[in-house]
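First comes the structure, then the notes that go with it.
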Amino acid sequence: MNWLENLRRSFLDWESMAEVLPNMIAVGLKNTIILALASTVLGTIIGMILAVMGISHSKWLRIPARIYTDVFRGLPAIVTILLIGQGFARIGRDLFGPSPYPLGILALSLIAGAYIGEIFRSGIQSVERGQMEASRALSMSYGQGMRLVVIPQGVRRVLPALVNQFIGNVKDSSLVYFLGLLASERELFRVGQDAAVVTGNLSPLLLAGIFYLVITVPLTHFVNYIDYRLRTGKRPTAVTSGLKEVSEMEEAGLVSGTAGALASGDMHLPASPSLARSSAVPVRYQGGSLEVSDLSMAYGALKVLHGINLTIKPGTVTCIIGPSGSGKSTLLRCLNRLVEPSDGDILLDGDSIFKFKPEHLRRRVGMVFQQFNLFPDHTALGNVALALRKVKRMPKDEAYKIAAARLAEVGLAERMHHRPSHLSGGQQQRVAIARALAMNPEVMLFDEVTSALDPELVKGVLQLMARLGESGMTMVVVTHEMNFARKVADQVVFMDEGRVVEAGRPDDLFDNPQSSRLKRFLSQVL
Ligand SMILES: Nc1ncnc2c1ncn2[C@@H]1O[C@H](COP(=O)(O)OP(=O)(O)OP(=O)(O)O)[C@@H](O)[C@H]1O
């Protein structure tokens, strides 16, 4: 039992622990926290700058950020601390006085910045491109899209990694003692080590270890909890349970009145009980007109649109059909300047859209995407209200009132407090439509909005779009739904290889195609 007693004296000598405890808390713990917090805050600022430089289009920003990251990640922490702490000791003395403490914080921050920069960069780059596209389509500037949509999502995704970095800083703070700290500046490790030398056992050092764990373990669990809350949002549990069934029932309700109606051509609107109920007084829209002339567009050397001419009258529905890669989506994106054409002009209510700032144009021309592109960190209501608040600068109450009304119009009054991940695909797409409508546009662009939906959810969305078309909204719809185009469109445009091959009334195009290309296309899709 002798060796057991030996171990106890080495590690669990209560007296020497009790003796060092006040100093451990008042000096060691305090300094460790100051060193770790200060270097994390400064490192976060450096990291954010590095991340923005790292994703910049300019190589003059990217390359220095890369070199910095490689150097400070590649060097052992102790080397950096000694190089900074001793190499800059003179400057440090002039700036901060005799203490090496500030230089220690600086060295820790420079190291942390390199890691945090990489964490931020990968977080921001992991956010889907569609999020920025949706932000821009809602009239946000690039900066607003980054600040309000992309960066918050990126940061949330990397929150656990950032906490790991803080924990790394807590531990790395022990290296600063190499710089020769004053007694009042010693951190946990140094206080423990000093006491261990005096008492001749390791108990004070073990106590220091326990303090490290007291800082890091609860923090990890707390951040995991915050991460969970941010990911899932505050939601009553009762709503989550049985969600699938509710959403399926709702979709079924939407579909039931129209099942097969589109296919048979016997579609009466609004046939859906939930849609009809949700908008007893139909909303009327003041649709705008579009005139596209000689429009061409290229992605680099790839010419995608060749001299497109198109007239879209106010309050009409134009469906664009054509084979994959024929330039339909590109034409749509030219209409709200998500891409810039190389030639030609587009008039909105008689004015060239190139006279406006793109952000102003996009308030008048809304867009809905195939992949919905809802903001996952916001509820349905938050998704619709975000641009109203941040772009249109409406007071919060007014924005939420309008958002709630728009969601009610698309049959989602009862689901407005749900996040996208708790909505079915059809419901998400209806939120996206409500979100675009809330900006009060004159023209709505729909880019294959039902292509990502399960077949049983398609009809609900198509029915909503058909109702919107009947309410006076000008709509340009890229679609593979030929029955929808036939029944709802005022004009169908067939594109192939970047050209409008035929355009006209749906009956004329579908029943009496003129060109061999349209005949071949229809024979493949009908
Ligand atoms: N961002 C881009 N960069 C480079 N080329 C692109 C880009 N987007 C589309 N293209 C190319 O432009 C052409 C037209 O694409 P577009 O998406 O407009 O066609 P589409 O008719 O909408 O096709 P689909 O029905 O498959 O969506 C294609 O050859 C496509 O590969």
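Numbering of ligands and ligand atoms starts at 1, following listing order. Hydrogens, waters and symmetry mates are skipped; everything else that's a heavy atom, side chains included, is used. Given the structure is predicted, the values throughout are model-derived calculations rather than measurements.
Side-chain N or O atoms of S451 include none that pairs as donor or acceptor with a backbone N or O of Q370 at under 3.5 Å. Looking only at distances, a side-chain donor or acceptor of R362 sits under 3.5 Å from a matching main-chain atom of N336.
The number of heavy atoms from other shown groups lying within 6.0 Å of CZ (R73) is above 12. The number of heavy-atom neighbours closer than 6.0 Å to CZ of R62, taken from other residues, nucleotides and ligands shown, is above 12. More than 12 non-hydrogen atoms from other residues, nucleotides or ligands lie less than 6.0 angstrom from OH of Y299.
Within a 4.0 Å radius of atom 22 (O) of ligand 1, the protein has at least one heavy atom.
Within the 4.0 Å heavy-atom cutoff, H480 counts among the residues contacting ligand 1. At least one heavy atom of S326 sits closer than 4.0 Å to an atom of ligand 1.
For atom 29 (O) of ligand 1, the nearest non-hydrogen atom from the set L302, V478, I320, V304 belongs to L302. When the heavy atoms of S451, G498, G325 are ranked by distance to atom 20 (P) of ligand 1, first place goes to G325.
In terms of protein heavy-atom proximity, atom 1 (N) of ligand 1 is nearest to Y299 CE2, 3.7 Å. Counting only heavy atoms of the protein, atom 25 (O) of ligand 1 lies nearest to K328 NZ, 2.9 Å. Nearest protein heavy-atom contact of atom 26 (O) of ligand 1 is S324 OG, 2.6 Å. In this structure, atom 19 (O) of ligand 1 lies nearest to the protein heavy atom G327 N, 3.3 Å. The shortest contact between atom 24 (P) of ligand 1 and any protein heavy atom is with E448 OE2, 3.6 Å. Remark: minimum distance from atom 15 (O) of ligand 1 to any protein heavy atom is reached at T330 OG1, 3.8 Å. Atom 17 (O) of ligand 1 has S329 CB, 3.7 Å as its closest protein atom, hydrogens excluded (heavy atom only).
Salt bridge annotation for E128-R157: present, with a cationic side-chain nitrogen under 4.0 angstrom from a carboxylate oxygen. Using a 4.0 Å cut-off between a side-chain N of Lys or Arg and a carboxylate O of Asp or Glu, D511 and R486 qualify as a salt bridge.
For the residue pair R435/N383, the side-chain donor-acceptor check at 3.5 Å is satisfied.
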Which pairs would a plain distance check flag for residues 312-320, meaning a side-chain donor or acceptor within less than 3.5 Å of a matching protein atom at least two apart in sequence or in another chain?
| from | atom 1 | to | atom 2 | distance (Å) |
| --- | --- | --- | --- | --- |
| T316 | OG1 | K313 | O | 2.6 |
| T318 | OG1 | Q491 | NE2 | 3.1 |

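Listed by atom number, the atoms of ligand 1 under 4.0 Å from P323 heavy atoms are 21 (O).
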